[in-house]
Protein chains: 2
Amino acid sequence: MLKISKKADYALMALQHIATVQFGDVTPGRVVNTKEIAEEYNIPLELLAKVLQTLAKNALIESHNGPKGGYVLARRAHQITIAQILESIEGPLGITDCSHEKDGEFCMQRENCHIRTPLLKVQDSIAQLLNSMTLQDMMGGTPLITIQSPAVQGVER
Amino acid sequence: MLKISKKADYALMALQHIATVQFGDVTPGRVVNTKEIAEEYNIPLELLAKVLQTLAKNALIESHNGPKGGYVLARRAHQITIAQILESIEGPLGITDCSHEKDGEFCMQRENCHIRTPLLKVQDSIAQLLNSMTLQDMMGGTPLITIQSPAVQGVER
DNA sequence: ATGGTCTCCGATCAATAAGGTCGTATTAAC
DNA sequence: GTTAATACGACCTTATTGATCGGAGACCAT
């Protein structure tokens, strides 16, 4: 349960790869193309391409067209959070269906629902966790870091 | 993203209802049947029945057959965690596909994956959160409680 | 004890989303 | 102009979810 999609998985792998190539010690600043990533991690090429296009559309990476083209991070690795990556691919975080309902529409006709509030607390906690982790935390050159833990306090009803 | 299924949603509502009826002030010890819950929350009857059957099979509730039958909590409300409920319906918690792989099978042929370890940390953190919340935290008679926040420390690689 | 009712239970079906594929257009380097 | 790369859109295939149907078993009243 609570599984993230494979597309999101691919996005994380790809960004981790781009980040380590771009900011690593070996060949800093290099542009990396789709094929390279697909072969490295055995990801279907066309599917990965779609994922990268989505990431580019959401301004997480920049695309360079033509020969010797490829993708480059749009920001520094520590400025790209895991939450941003996942939300780019899978849409906004939402534990339940009623998480992002506009006013006027309710989940189950009438507000008999007593579990909404506590579930939203859980959701916030997860959101804080994913927002506190960045791409840099997944890079090879960063052996050990400490991440501020989320807090869920005051769950009512 | 990270949305839980409607079945799990129904399970939470149903258990919350059973718990408040059983341990609440109004009619303590009462047995509650599927139809009552379905009508109260506008849940498809047969689908809810299946959910409750699953919960009974996982020993979270006890089923009483025949007229005046229905369901009763198998344990006290504070001994049933949200994680147990969700896992009963949706299977074990797993952010990625490679979360519960038996030895021998790897996600993407070979272990080039650099995101596995940090993702497992995220998963553990969510698991701790869901295990720290119980049904009691969702009951009406419990206005305000404090939940121990999960900790993610030492994300490496 | 036996009929009738009420419940749980198992198998089945339809809708939706995910995962993956293919072909073509567009862009930039040489 | 040719080549090599991304961009874009349509399509298919499969798996999961959501929902439905009919029957089996248990309890209570008579």
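Since the model is a prediction, treat every value here as computed from it, not as a measurement. Per chain, numbering begins at 1; letters A, B, ... match sequence-line order.
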Exercise. Measure from the side-chain heavy atoms of Lys7(B) and tell me the nearest of dG20(C), dT6(D), dG18(D).
Key: dG18(D)
Quiz item: How long is the line joining CG of Leu48(B) and P of dG18(D), in whole Å?
Solution: 13 Å
Quiz item: Atom CD1 of Ile37(B) and atom C1' of dC8(C): how far apart are they, to the nearest Å?
Solution: 13 Å
Exercise. Check the distance between dT17(D)'s P and Leu86(B)'s CG and give it to me in whole angstrom.
Key: 13 Å
Quiz item: Which whole-number value in Å describes the distance from Glu90(B) CD to dT17(D) P?
Solution: 7 Å
Exercise. Report the residues that fulfil side chain to side chain donor-acceptor pair (under 3.5 Å) with Gln22(B), sequence neighbours left out, ordered by chain and then residue number.
Key: none
Quiz prompt | Spacing between Lys3(A) atom NZ and dA18(C) atom P, to the nearest angstrom | solution = 13 Å
Quiz item: Between Arg30(B) and Glu36(B), is there a salt bridge with N-O shorter than 4.0 Å?
Solution: yes
Quiz item: Given dT7(C), is OP1 or OP2 found less than 4.0 Å from the side-chain N or O atoms of Ser63(B)?
Solution: no
Quiz item: Could you state the NZ-C1' distance from Lys6(A) to dA17(C), rounded to the nearest angstrom?
Solution: 15 Å
Self-check item: Value in whole Å for how far the C1' atom of dA18(C) lies from CD1 of Ile89(A)
Solution: 13 Å
Quiz item: Nearest to the side chain of Ser5(A), which nucleotide is it out of dC9(C), dA18(C), dT6(D)?
Solution: dA18(C)
Exercise. Keeping the roles fixed (side chain from Asp137(B), backbone from Met133(B)), state whether a donor-acceptor pair exists under 3.5 Å.
Key: no
Quiz item: So, is Tyr10(B) close to the dA19(D) phosphate, meaning a side-chain N or O under 4.0 Å from OP1 or OP2?
Solution: yes
Quiz prompt | Under 3.5 Å donor-acceptor, Gln136(A) side chain and Ala77(A) backbone | solution = no
Check nucleotides 21-30 of chain C against the protein and report each pair of N or O atoms closer than 3.5 Å, with its distance, or say if there are none.
none

Quiz item: dT5(C) P sits how many Å from Asn33(B) CG, rounded?
Solution: 17 Å
Quiz item: Is it true that a side-chain atom of Asp124(A) and a backbone atom of Lys121(A) form a donor plus acceptor pair closer than 3.5 Å?
Solution: no
Quiz prompt | Set of salt bridge (Lys or Arg N to Asp or Glu O under 4.0 Å) partners for Arg75(B), sequence neighbours left out | solution = none
Self-check item: Side-chain donor/acceptor of Gln123(B) to backbone N/O of Ile95(B), under 3.5 Å
Solution: yes
